[in-house]
Asker: 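Dropping a structure here in structure tokens format, bear with me for questions.
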Amino acid sequence: MGWELLIPIIAQYGLPLAEKLWTKWSSGNPPSKADWDELRADVNQTAKDRMTKVLLESGIDPSSEQGKTFLALASKA
């Protein structure tokens with residue numbers, strides 16, 4: 001997978017997804033149903049979904065005032 005394929009993916013979906021695709025491509029294994037399901041879930045995540053995950057990983061309750069503030073900011077993105 002060359003840059004000509006990766007650059008549009010990076011621009012549209014971000015570096016983490018492009019890196020995940022490249023890693024899977026580089027393994028040489030054919031894509032499995034689980035691979036497709038994982039990629040589909042990544043693509044369908046919203047900024048709010050990602051923010052909720054980061055809040056939980058950081059020990060911040062998403063329903064707290066601080067959590068609500070961050071989620072509101074993510075919802076505007």
Side-chain angles (χ1 to χ4, degrees):
M1 178 178 288
W3 287 110
E4 69 281 357
L5 295 175
L6 286 171
I7 289 171
I9 295 169
I10 293 168
Q12 185 167 354
Y13 299 104
L15 187 58
L17 180 66
E19 183 177 13
K20 190 176 282 189
L21 278 172
W22 176 80
T23 301
K24 289 180 181 298
W25 178 275
S26 298
S27 75
N29 298 321
S32 67
K33 171 78 168 104
D35 290 329
W36 284 110
D37 291 344
E38 179 184 349
L39 291 172
R40 186 172 291 112
D42 287 345
V43 168
N44 290 327
Q45 275 190 346
T46 65
K48 185 177 179 181
D49 295 334
R50 291 188 295 275
M51 179 59 74
T52 300
K53 180 181 176 195
V54 170
L55 289 171
L56 292 171
E57 289 171 352
S58 301
I60 300 170
D61 181 355
S63 62
S64 69
E65 288 306 312
Q66 185 181 25
K68 289 177 186 177
T69 300
F70 282 117
L71 288 171
L73 291 170
S75 296
K76 292 180 184 181

Asker: Can you list the residues that meet the side chain to side chain contact (heavy atoms under 4.5 Å, CB included) rule with Thr23, with sequence neighbours excluded?
Answerer: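 Per chain and number, Thr23 pairs via side chain to side chain contact (heavy atoms under 4.5 Å, CB included) with Glu19.
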Asker: Is there a continuous path of hydrophobic side-chain contacts, each under 4.5 Å between heavy atoms, that joins Leu73 to Val54?
Answerer: no
Asker: Side-chain donor-acceptor pair under 3.5 Å between Thr46 and Asp49, yes or no?
Answerer: yes
Asker: Please report the interatomic distance CG(Asn44) to CG(Leu39), rounded to the nearest 0.5 Å.
Answerer: 11.0 Å
Asker: Does a sphere of radius 6.0 Å around NZ in Lys24 hold more than 12 heavy atoms from other residues, nucleotides or ligands, not counting ones at 6.0 Å or beyond?
Answerer: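 For Lys24, atom NZ is crowded (more than 12 foreign heavy atoms under 6.0 Å).
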Asker: Looking only at non-hydrogen atoms, find the nearest pair between Ala74 and Ala47 and report the distance.
Answerer: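 Closest approach of Ala74 to Ala47, heavy atoms only: O-CB, 3.4 Å.
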Asker: Kindly compute the distance separating CD (Glu65) from CD1 (Ile60), expressed to the nearest 0.5 Å.
Answerer: 13.0 Å
Asker: Rounded to the nearest 0.5 Å, how far apart are CH2 of Trp25 and CG of Asp35?
Answerer: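 Result: 13.0 Å between the selected atoms.
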Asker: When rounded to the nearest 0.5 angstrom, what is the spacing between CG in Asp61 and NZ in Lys68?
Answerer: 9.0 Å
Asker: With rounding to the nearest 0.5 angstrom, report the OG1 to CZ distance, Thr52 to Arg50.
Answerer: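 Spacing of OG1 (Thr52) from CZ (Arg50) equals 10.5 Å.
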Asker: Could you tell me whether a side-chain N or O of Asp37 sits under 3.5 Å from a main-chain N or O of Ala34, the two making a donor and an acceptor?
Answerer: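 Not confirmed, Asp37 side chain does not pair with Ala34 backbone.
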Asker: Do Trp36 and Leu21 belong to the same hydrophobic cluster, where Ile, Leu, Val, Met, Phe, Trp and Tyr are linked whenever their side-chain heavy atoms lie under 4.5 Å apart, directly or via other members?
Answerer: no
Asker: Between OG of Ser75 and CZ of Phe70, what distance do you get to the nearest 0.5 Å?
Answerer: 13.0 Å
Asker: Under a 4.5 Å cut-off applied to non-hydrogen side-chain atoms, are Leu71 and Leu55 in contact?
Answerer: yes
Asker: Please write out which residues are connected to Leu56 in a hydrophobic cluster, directly or through intermediates, given that two of Ile, Leu, Val, Met, Phe, Trp, Tyr count as joined at side-chain heavy-atom separations below 4.5 angstrom.
Answerer: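 Direct or chained contacts put Leu56 with none.
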